Amino acid sequence: MKSRPSLRRLALLGATGSIGRQVCDLVERYPDRFALHALVAGSDAAALEVVAGRHPEAHALLANPAAGDPDDAARAIDNVMRDPEVDLVVIAAAGSAALAPTLAALEAGKDIALATKEVLVMAGELVRERMRRHGSQIFPIDSEHSAIWQCLWGEKERAVRRLILTGSGGPFLRRPLESLASVTIAEALAHPRWKMGPKITVDSATMMNKGLEVIEAHFLFDVPYQAIEVIVHPESVVHSMVEFVDGSIKAQLGIPDMHLPIAVALAFPERLEGVAMAPDMAKLGQLSFEALDPHRYPAVALAREAGERGGTAPAVLNGANEEAVALFLQGQRRFEEIVPSVRRAVEAAPPGEALTLEAVVAADRWARRHVRTSVDGASRLRSKLPA
Ligand SMILES: NC(=O)c1ccc[n+]([C@@H]2O[C@H](COP(=O)([O-])OP(=O)(O)OC[C@H]3O[C@@H](n4cnc5c(N)ncnc54)[C@H](OP(=O)(O)O)[C@@H]3O)[C@@H](O)[C@H]2O)c1
C-alpha cells in the first residue's frame, strides 16, 4: 500500500500579503497536507488578526509592532525561522525585509518555498553558500521560476541550452512611449493579467520585475546570464520555457493564478489534486510571443548588467528600485523617473563583495540614500520652472 504524504507544518513570512493569503487558502483547502505553525507580517496588526483568527493554532508575530522593542520582534522571528517544529518556511514578505529571516531559516537547514525574489537578487551568493553549507533547498514560487523548475525535473544539467523567461509586458505594452511621462499611480497598479501586491505590480509595469527574475534565475538554476532570455507573452499562459541542446523546448502552461505555483512549491515532490482549472486550449485559440523592446523596457538590460557585474551591484539595483518604487507610490517621483534613478545608483555605486549580510545591507542602504538624494537634471529644471 502507498504511504500518504505526511502533514507539512509551515512558517509563513508575509502572511497578510497577496501571496501569503493564497498560501493560507491552500492550507484551508488541503488541511490533511498543511498546517500553519507561525504567521509573520510587517506592521498591519488588524490584517494579521484576521488571518490569525482563521488559524488559531499558529503563532502570530509582527516584525514592526506599534509598541515594543523591534529587536525583540526580530529575535522572535529568528526563533520561528529556526523552530524544529517547522517543516517548510514560506518566504513571501515584500522585498529586502525577507533577507535576514531567510538566512536564519537556511542556517537551520530548513527548506524554503520562496516568493520573495529580492532575497536572491540582493544576496544570491550568500544564499547559495548557506544552502550548500546547511543542506537546505529552495523551491521557487515565482510562476516563471516554478515553470522552469518543473521543465527541469528529470533533466540533466548538461542538456540545458538556455532558459526563456516570459513576461506579459504589463499595462504599458502598447502605450505610446512619449505618454509614459504622464503615467498615474492607478494606471501603474492596473496589471492586465495578475493581481499582486503594489511593489511587484509597479515592477511589472517597468519590467524591472523581469530584470530581477533574470538574476533570480541565475542564482536558482546556476545558469550564466547569457543563457537566460526574456520574451514578451501578453496572454501569461506559458509561464516560462527551457531550451535543450537537442533543439527541444519544454514549456509549462497554466491559467494566471498564483495558487498553482505556490501549491507546486508547498507540496513538492507531490502534486495536489485540483488546485486550478487547466487552460482550455481550444478556447484560448492563439498564444502570441514577441521580442522585448529594449527602449520601452530598459530595466531588463540594466538588471542584467548589474547581475553580470556581480558583488553588491545586484543589491544596489534592488535597494534603489525598492526606494524609487516606494517614492513613486507616495507620489514623490514620476513613473518614468524610476528606472533612470536606479541606473544612476548602479553606475555610481562603489564595487564590493556580497558575501556577508552586513555588506549586502550596507549596499542596500547606500542605494536607498542615493535614490532619495539624487534627482535627475530634467526634474531639477522642472522644479525651477513656474507650474
Ligand atoms: N503577488 C504575486 O502574485 C507575486 C508573484 C510572484 C512573486 N511575488 C513576490 O512575493 C513577494 C510578496 O509579494 P506580495 O505581492 O504578496 O506582497 P504584498 O501583498 O505587498 O505583501 C507583503 C507582505 O509582507 C509583509 N511584510 C512587510 N514587512 C515585513 C517584515 N519586515 N517581516 C515580515 N513580513 C513583512 C506585509 O505585512 P504588512 O502588510 O503588515 O506590512 C505583507 O504581509 C514579493 O517579493 C513579490 O515579488 C509575488
Side-chain angles (χ1 to χ4, degrees), residues 11-25 38-52 59-66 70-71 73-78 80-81 89-102 104-105 112-122 138-147 165-168 170 189 191 193-213 215-217 220 236 239-240 254-262 264-265 303 318 321-322 325-326 329 361 364:
L12 172 57
L13 193 82
T16 54
S18 157
I19 294 288
R21 280 180 275 115
Q22 295 179 77
V23 171
C24 294
D25 287 347
L39 298 161
V40 185
S43 50
D44 190 339
L48 182 60
E49 211 173 302
V50 172
V51 180
H59 306 281
L61 301 170
L62 279 179
N64 308 305
D71 289 344
R75 264 192 296 276
I77 294 171
D78 191 89
V80 159
M81 296 293 113
V89 171
V90 185
I91 298 287
S96 52
L99 178 56
T102 304
I112 289 186
L114 182 72
T116 311
K117 62 197 85 187
E118 292 87 345
V119 164
L120 277 170
V121 175
M122 290 177 81
I138 291 186
F139 310 142
I141 283 182
D142 224 352
S143 58
E144 295 78 1
H145 303 74
S146 174
L165 290 167
T166 56
S168 71
L189 288 178
H191 195 281
R193 301 277 167 203
W194 296 96
K195 208 170 158 0
M196 309 177 284
K199 193 263 178 181
I200 183 175
T201 306
V202 175
D203 283 352
S204 299
T206 59
M207 272 190 100
M208 179 60 86
N209 184 48
K210 215 46 58 182
L212 301 178
E213 287 177 4
I215 301 175
E216 181 186 13
L220 267 178
S236 300
H239 294 307
S240 278
I255 58 165
D257 177 352
M258 285 306 294
H259 286 95
L260 197 48
I262 295 169
V264 171
N318 183 69
N321 183 57
E322 279 190 22
V325 170
L329 289 171
V361 169
D364 176 75

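One-based numbering, in listed order, for ligands and for the atoms of each. Since this is a predicted model, take the numbers as computed values, not measurements.
- In this structure, Glu144 and Lys210 have side chains that are in contact, with non-hydrogen atoms separated by less than 4.5 Å.
- Considering Pro101, Ser146, Gly42 only, the shortest heavy-atom separation from atom 28 (N) of ligand 1 involves Gly42.
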Discussion item. Is there a side chain to side chain contact (heavy atoms under 4.5 Å, CB included) between Met122 and Val361? Walk through the geometry before answering.
Written reply: CA-CA 9 Å; Met122 290 177 81; Val361 169; 5.7 Å; no
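- For ligand 1 and Ala115, the ligand atoms under 4.0 Å from any heavy atom of the residue are 7 (C), 8 (N), 9 (C), 10 (O).
- Note: no N/O pair closer than 3.5 Å links Lys195 and ligand 1 by distance alone.
- Residue-level proximity to ligand 1 for Glu118 is carried by the side chain, the only part with a heavy atom below 4.0 angstrom.
- Under the 3.5 Å distance criterion, with hydrogens and angles disregarded, a donor-acceptor pair is assigned to the side chains of Asp203 and Asn321.
- Against a heavy-atom cut-off of under 4.0 Å, Ala94 is close to the following atoms of ligand 1: 22 (C), 23 (C), 24 (O).
- Per-residue contacts place Asp142 under 4.0 angstrom from the following atoms of ligand 1 (heavy atoms of the residue considered): 6 (C), 7 (C).
- Between the side chain of His239 and the main chain of Gly254, a donor-acceptor pair closer than 3.5 Å is present.
- Residue contacts with ligand 1 for Ala93 involve both N, CA, C or O and side-chain atoms from C-beta outward (heavy atoms, distance under 4.0 Å).
- A donor-acceptor contact shorter than 3.5 Å is absent between the side chain of Thr116 and the backbone of Glu118.
- Close approach to Ala97 involves these atoms of ligand 1, each under 4.0 Å from a residue heavy atom: 30 (C), 31 (N).
- Heavy atoms from both the backbone and the side chain of Met196 come within less than 4.0 Å of ligand 1.
- Under a 3.5 Å cut-off, the side chain of Asp142 and the backbone N or O of His145 do not form any donor-acceptor pair.
- For the pair Lys117 and ligand 1, a heavy-atom separation below 4.0 Å is found.
- Annotation for ligand 1: atoms under 4.0 Å from non-hydrogen atoms of Ala63 are 30 (C), 31 (N), 32 (N).
- Residue Leu13 touches ligand 1 through its side chain alone, judged by heavy-atom distances below 4.0 Å.
- With a 4.0 Å cut-off on non-hydrogen atoms, Ile200 touches ligand 1 through its side chain and not its backbone.
- Residue contacts with ligand 1 leave out Ala47, since none of its heavy atoms falls under 4.0 Å from the ligand.
- Counting heavy atoms from C-beta outward, Val119 and Thr102 have side chains that approach closer than 4.5 Å.
- Between Leu39 and Leu13 there is no side-chain heavy-atom pair separated by less than 4.5 Å.
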